Amino acid sequence: MKPNDVILKSVTRVAAVIISTFSIYLFMNGHHHPGGGFIGGLSTASAIVLLYLSFGIEKVRENIRVDFKKLAAIGVLIAIGTGMAGVVFGQPFLTQAFGYYDLPIFGNTELASALIFDTGVALAVIGTAVNIILSISEDR
């Protein structure tokens, strides 16, 4: 007999969007206020794990075709590459660079290398957290 989980799936659809939106806010807010790549990535991973729990591993893998091991490796490479950029220019490891640029839609906007570093951290955290949860689920 197939379980009737209509309520779970309906709530998950809404909750995953809310969690994902909040994780983007946490990620983008990170270099000025509490937040950043780690907590943004962790909350994104929680939305993905919620989808796995509600819809099943096979169904989510059909729609989210990401190898989370590769995603974690790419994130670590981006974070290390951002740190090494300072060394290339004769600065200490993880030296931040930033400037203000006039972007067409957003106007005068600060762009910082910390955002690239946070992107690497977020990808590494998403890949690692989801991969750990999937590994645990396979060990039943």
Side-chain angles (χ1 to χ4, degrees):
M1 185 167 102
K2 186 176 178 182
N4 187 1
D5 51 359
V6 175
I7 295 174
L8 175 65
K9 289 182 179 180
S10 299
V11 170
T12 297
R13 286 185 182 106
V14 174
V17 171
I18 292 170
I19 293 168
S20 298
T21 304
F22 185 60
S23 64
I24 291 170
Y25 169 76
L26 288 172
F27 173 77
M28 296 301 289
N29 205 27
H31 60 278
H32 289 296
H33 302 288
F38 183 80
I39 193 65
L42 205 56
S43 57
T44 301
S46 69
I48 294 170
V49 169
L50 180 62
L51 291 173
Y52 276 121
L53 289 172
S54 299
F55 293 100
I57 293 175
E58 296 80 22
K59 184 78 170 176
V60 176
R61 280 190 179 159
E62 289 175 9
N63 294 310
I64 301 176
R65 298 178 184 187
V66 175
D67 184 359
F68 290 102
K69 290 179 185 175
K70 289 181 183 177
L71 186 71
I74 290 169
V76 170
L77 289 175
I78 290 172
I80 290 173
T82 305
M84 291 304 293
V87 174
V88 169
F89 293 108
Q91 299 292 323
F93 184 72
L94 284 177
T95 299
Q96 178 180 339
F98 68 94
Y100 291 91
Y101 300 94
D102 191 27
L103 299 177
I105 295 174
F106 301 106
N108 193 22
T109 305
E110 178 189 22
L111 295 177
S113 63
L115 187 63
I116 300 170
F117 176 76
D118 278 345
T119 301
V121 170
L123 293 177
V125 169
I126 292 168
T128 303
V130 173
N131 195 30
I132 288 171
I133 297 298
L134 290 177
S135 296
I136 291 170
S137 70
E138 291 172 358
D139 288 341
R140 306 186 248 178

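Numbers here are sequence positions counted from 1. Model, not experiment: these values are computed from the prediction. Just so you know, these numbers use all the heavy atoms, side chains as well, and skip hydrogens, waters and symmetry mates.
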Side chain to side chain, F27 and I24, heavy atoms closer than 4.5 Å
no
Under 4.5 Å between side-chain heavy atoms, chaining through other members, with only Ile, Leu, Val, Met, Phe, Trp and Tyr counted: pull out the rest of the cluster around I18, sorted by chain and number.
V14
Per the side chain to side chain donor-acceptor pair (under 3.5 Å) rule, what does the pair list look like for residues 101-120, sequence neighbours excluded?
H32-E110
Suppose we screen for side-chain hydrogen bond (donor to acceptor under 3.5 Å, both in side chains). Which residues come up paired with T44, at least two apart in sequence or across chains?
S23
Between I64 and V130, is there a shared hydrophobic cluster once you connect ILVMFWY residues whose side-chain heavy atoms come closer than 4.5 Å?
yes
Please output the side-chain donor-acceptor pairs of residues 80-90 that fall under 3.5 Å, not counting sequence neighbours, one pair per line with the distance.
from: T82; atom 1: OG1; to: I78; atom 2: O; distance (Å): 2.8

Cluster link F38 to L123, ILVMFWY, side chain under 4.5 Å:
no
Using atom types as modelled and distance alone, determine if a side-chain donor or acceptor of T95 lies under 3.5 Å from a backbone N or O of Q91.
no
When you measure from the side chain of T128 to the backbone of V125, do you find a donor-acceptor pair of N or O atoms at a distance under 3.5 Å?
no
Within a reach of under 6.0 Å around CD1 of I7, are more than 12 heavy atoms found that belong to other residues, nucleotides or ligands?
no
Parallel, tilted or perpendicular: rings of Y100 and F98 (30°, 60°):
perpendicular
Would you say V60 ends up clustered with L134 if hydrophobic residues are merged whenever their side chains have heavy atoms under 4.5 Å apart, either directly or through other cluster members?
yes
For the hydrophobic clusters of this structure (ILVMFWY residues joined by side-chain heavy atoms under 4.5 Å, transitively), does one cluster hold both I39 and Y25?
yes
Quick check: is V66 connected to L77 through a chain of hydrophobic side chains (ILVMFWY, heavy atoms under 4.5 Å apart)?
no
Hey, what do you get for CG (L111) to CD1 (I116), rounding to the nearest 0.5 Å?
9.0 Å
Output every pair passing salt bridge (charged side-chain N to carboxylate O under 4.0 Å, His left out) with a member in residues 57-66, not counting sequence neighbours, ordered by first then second residue.
R61-E138
Taking every non-hydrogen atom, the tightest pair across G41 and I126:
O-CG1, 3.3 Å
Under 3.5 Å, sequence neighbours excluded: what are the donor-acceptor pairs made by side chains of residues 46-55?
from: S46; atom 1: OG; to: S43; atom 2: O; distance (Å): 2.6
from: S54; atom 1: OG; to: T12; atom 2: OG1; distance (Å): 2.6
from: S54; atom 1: OG; to: L50; atom 2: O; distance (Å): 3.1

